[in-house]
Every structure is written in structure tokens, then in C-alpha cells.
Protein chains: 2
Amino acid sequence: MTDTRKYTVEEVTQQLGITARTLHYYEEVGLLPDVSRTEGRHRLYCESMLARTRHILKLKQVLGASLQEIRDILQAEEELDRLKASYYEEPHTEEERDALLDEATRRLENILGHIDEKMEKLRTLRDGFSERLARANALKRSPRA
Amino acid sequence: MTDTRKYTVEEVTQQLGITARTLHYYEEVGLLPDVSRTEGRHRLYCESMLARTRHILKLKQVLGASLQEIRDILQAEEELDRLKASYYEEPHTEEERDALLDEATRRLENILGHIDEKMEKLRTLRDGFSERLARANALKRSPRA
DNA sequence: CCAAAATCTAACGTTAACGTAAGCTTCAAA
DNA sequence: TTTGAAGCTTACGTTAACGTTAGATTTTGG
């Protein structure tokens, strides 16, 4: 059952390029709940925990999101996961399921909207620098007055 | 000559959605040097100062850059501007001009590289969320087991 | 000219996201 | 079994990027 490989703190910090303090802190603020432990209370990270941490780091670096915002995003994702897991298993009325699905997709669309906004702004920013570079190169290629 | 319109602190904060403290701080750390003043030492922002501040805010919000990094970027841009302004006016040897141009374009390319990296990461992040949304919508459209 | 509103400088406060140090415990290899 | 490396918890320290008074000065509308 639980034969998924486990990683020690040092292995995780090596693989992800972060410090132990960061891992502890993420756990402290609720970004990494339920990290398993050895008998002597040393942490052991499973694959999914590693993936979750990677996801957090990506959200942070790429979106520039705060840990609070990241928690919200992770919550939305989990809500969707739980919903999908229980979709055919637990008893729901049509209305309940529709409402849950709507809420989940609404959040996902919200996140996607933020990302798209950010990409658009990045594009215009890029264009500005690209234009400057083009003009600099034009100067290079017309070497005399 | 100097008939370009000037803006008071409050006008700037209104237009840009930032506080006076932020303006002062940016000046303090060298992001907004040479802000003109009235006789009584009250600040007056000209158009180019406004544009510069907008640029700073964009770099911050979109790139997620620190003020330190932003200062580096602005410096690179200014260097390029100065170079272009003096390109035909001041006396330079071929080597000097080439070296300056090379350095400036190198920095611009460096910035562009960072932006491209960021856009690529954003794209993959977006794809992930997009896929999740698609699966949620698929659930919606297949309402029964 | 005068009172209210806007600005100034200077200085201390705040928050997020960790860093760092201390003292103790656990793990692993010889 | 020992012992040095790795981990644990607790708690105080740090840095960036402003926020927030406070008290004096300036500007401006009436």
C-alpha cells in the first residue's frame, strides 16, 4: 500500500533548492498539512507532498503570489478534487452537485483569468523592451552618420 | 521650454493608485531622482516622472521584481538612452561605441530573457489549470453515471 | 489675510517570509 | 554501542516595502 518512496528533509531541500526552515514554515502556515513522521518525530515527505511543494514554489515564483493567495488557490484545487472523487460515490441531489461544480469551476476560471491578465501585461512589457532592443540593433547596423 | 504640465503629490497618487509614502520611498531609494520642487520644497512631478513611476509599478506588478532589480533595469534603460543621445554628438572611437552598444544590448537581452522565461512558466502553469477546468466541465456535461 | 487643506521631514511601527542560534533528540554507520 | 550528522522545537533576529503618527511649514480658496 504505502510503498511510495519517502524523502527526508535534506533530500527535499536538495531537490527543490529550499531550506529546511522554508519547509517547516510552509507546514506552519498550513500549506503542507499532514506531513508524515518517523517514530522519533522526524519528517518524511511522500511523492505527493513533494509535488505539492513544487506546485507551491511554482505559484510563488511564476505568479508572484503571496503564501496566503497560494493557500486559497490550493484550497480551490482541493475542493475540486474532493468534488470529483465524490461525484459518483456520495449521494447528492442534482442541485447540490451543480452548485459545487459551479463554485469550483468559477474559482478555477477566476485563477485562469488572473493568469491571462498577467500574461497579457507581460506581453506588452516584453514588446516595449523588444522595441528598444530593435532600435539599439538598428544603431549597430548603421555605423556612420 | 518648461511648459510641460506639473502634478502635485495628490494628483499623482490619485492617478496611479499609490500613497504619498510610496512616492517618497521610491525617491528615497533612488528610483525617482531629481523630482522638482516648489519654492517651499513641495514636490512637483512632470510627465516624464509620471511615466517613470508608471513603469516602475508595472515592472513591480508584472515582473514581480524587487525595487533593487527595478533599479538595475532602469539603469540599463538609461544607459541605452544616454548612449543613443550621444551616439552622433559626442566623440567616441569606434571601439568605445561598439563596447557601449554591446553592453547595453546585452543587458536588454538579459531582461528579455527573464521575461521570456517567465512567460513560458506562466504558460505551463496556465495549461495545468486549463486542463483541470476542462475536466470539471466534462463532468458537468456528462450528468449521469 | 487667514483658516483649512495639503506637504514636508524625521522617526518609529508593521507584516510577510523566512534566517539563525540554542539546546536537545534521533538516526545511521562503523 | 558509540558518535557524529541530521532533525526537532522554540524563540528571537532580519529585510524589504511601505504604514503611521507628530509637529512644523506651505499652499490655497474665500
Side-chain angles (χ1 to χ4, degrees), chain A residues 2 5-46 49-50 52-75 114, chain B residues 2 5-46 49-50 52-75 114:
Chain A
T2 320
R5 193 164 160 217
K6 302 277 189 164
Y7 301 88
T8 160
V9 168
E10 196 176 37
E11 286 169 334
V12 175
T13 61
Q14 296 296 318
Q15 286 198 34
L16 303 189
I18 60 181
T19 70
R21 177 58 170 126
T22 299
L23 277 175
H24 294 170
Y25 183 68
Y26 287 176
E27 192 176 343
E28 196 181 322
V29 298
L31 289 178
L32 296 177
D34 311 321
V35 175
S36 59
R37 305 283 187 122
T38 76
E39 190 139 320
R41 303 194 51 71
H42 283 200
R43 291 173 179 80
L44 283 182
Y45 296 87
C46 61
M49 216 37 111
L50 248 182
R52 186 183 175 94
T53 308
R54 256 192 281 268
H55 190 46
I56 291 173
L57 293 175
K58 196 165 188 179
L59 287 172
K60 196 170 126 68
Q61 295 160 11
V62 178
L63 272 190
S66 71
L67 298 189
Q68 171 62 51
E69 292 165 335
I70 290 177
R71 240 191 32 183
D72 294 345
I73 293 177
L74 292 182
Q75 266 184 25
H114 283 315
Chain B
T2 321
R5 201 178 148 205
K6 302 277 189 163
Y7 301 88
T8 159
V9 169
E10 196 176 36
E11 286 169 332
V12 175
T13 61
Q14 296 296 319
Q15 286 197 34
L16 302 189
I18 59 180
T19 71
R21 177 59 169 123
T22 299
L23 277 176
H24 295 170
Y25 184 66
Y26 286 177
E27 192 177 342
E28 197 180 321
V29 297
L31 288 178
L32 296 177
D34 310 321
V35 175
S36 59
R37 304 285 186 120
T38 76
E39 191 139 317
R41 304 195 48 74
H42 282 200
R43 289 173 180 80
L44 283 183
Y45 295 87
C46 60
M49 218 33 116
L50 249 181
R52 187 183 174 94
T53 308
R54 256 192 278 267
H55 190 46
I56 292 172
L57 293 175
K58 196 164 189 181
L59 287 172
K60 197 171 124 67
Q61 294 160 12
V62 177
L63 272 190
S66 71
L67 298 190
Q68 172 61 50
E69 292 165 336
I70 291 177
R71 239 191 33 183
D72 294 345
I73 293 178
L74 292 183
Q75 266 184 25
H114 283 315

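In the text below, chain A, chain B and the rest are named by the order of the sequence lines, each starting its count at 1.
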Without decimals, in angstroms, what is the distance between [X] [atom1] and [N] [atom2]?
| X | N | atom1 | atom2 | result |
| --- | --- | --- | --- | --- |
| A:Tyr7 | C:dC27 | OH | P | 20 Å |
| B:Glu10 | C:dC8 | CD | P | 11 Å |
| B:Leu44 | D:dT26 | CG | C1' | 12 Å |
| A:Tyr45 | D:dC8 | OH | P | 7 Å |
| B:Glu11 | D:dT27 | CD | P | 15 Å |
| A:Glu28 | C:dA17 | CD | P | 12 Å |
| B:Gln68 | D:dA16 | CD | P | 9 Å |
| A:Lys6 | D:dA6 | NZ | P | 22 Å |

Is there a side-chain contact between [X] and the phosphate of [N], meaning an N or O under 4.0 Å from OP1 or OP2?
| X | N | value |
| --- | --- | --- |
| A:Tyr26 | C:dA17 | no |
| A:Thr19 | C:dG19 | yes |
| B:Lys60 | D:dC18 | yes |

Query - Steps toward side-chain contact (heavy atoms from CB on, under 4.5 Å) verdict (B:Leu50, B:Arg54) - result: CA-CA 6 Å; B:Leu50 249 181; B:Arg54 256 192 278 267; 4.2 Å; yes
Query raised in the report: Knowing that exactly one of A:Val62, A:Leu16, A:Ile70 qualifies, which makes a side-chain contact (heavy atoms from CB on, under 4.5 Å) with A:Leu57?
Result: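 For A:Leu57, the side-chain contact (heavy atoms from CB on, under 4.5 Å) check succeeds only for A:Leu16.
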The side chain of [X] is closest to which nucleotide in this list: [options]?
| X | options | answer |
| --- | --- | --- |
| A:Val9 | D:dA6, D:dC8, C:dA17 | D:dC8 |
| B:His42 | C:dC18, D:dG19, C:dT7 | C:dT7 |
| B:Arg37 | C:dC8, C:dC18, D:dA17 | C:dC8 |
| A:Thr38 | D:dG7, C:dC27, C:dC18 | C:dC27 |
| B:His24 | C:dC8, D:dC8, D:dA17 | C:dC8 |
| B:Tyr25 | D:dA16, C:dT9, D:dC8 | D:dA16 |

Requested in this report: Using the closest heavy atom to pick a nucleotide of DNA chain C for each, name whichever of A:Glu39 or B:Arg41 lands nearer the 5' end.
Outcome: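 Result of the comparison: B:Arg41.
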Query - Steps toward side-chain contact (heavy atoms from CB on, under 4.5 Å) verdict (B:Leu23, B:Val35) - result: CA-CA 10 Å; B:Leu23 277 176; B:Val35 175; over 6 Å; no
Report task. Could you say whether B:Ala20 or A:Arg43 is positioned toward the 5' end of DNA chain D, judged by the nucleotide with the nearest heavy atom to each? Result ->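 Closer to the 5' end of DNA chain D: A:Arg43.
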**Report entry** Sugar-phosphate only, base, or nothing, as touched by B:Arg21 at under 4.0 Å among non-hydrogen atoms
**Finding:**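 Base, at least one base heavy atom under 4.0 Å.
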Query raised in the report: Is there a side-chain contact (heavy atoms from CB on, under 4.5 Å) between A:His55 and A:Leu59 once you walk through the steps?
Result: CA-CA 6 Å; A:His55 190 46; A:Leu59 287 172; 3.8 Å; yes
Query raised in the report: Are any of the side-chain nitrogens in A:Glu11 or A:Lys6 under 4.0 Å away from the carboxylate oxygens of its partner?
Result: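 Salt bridge between A:Glu11 and A:Lys6, a charged N being under 4.0 Å from a carboxylate O: no.
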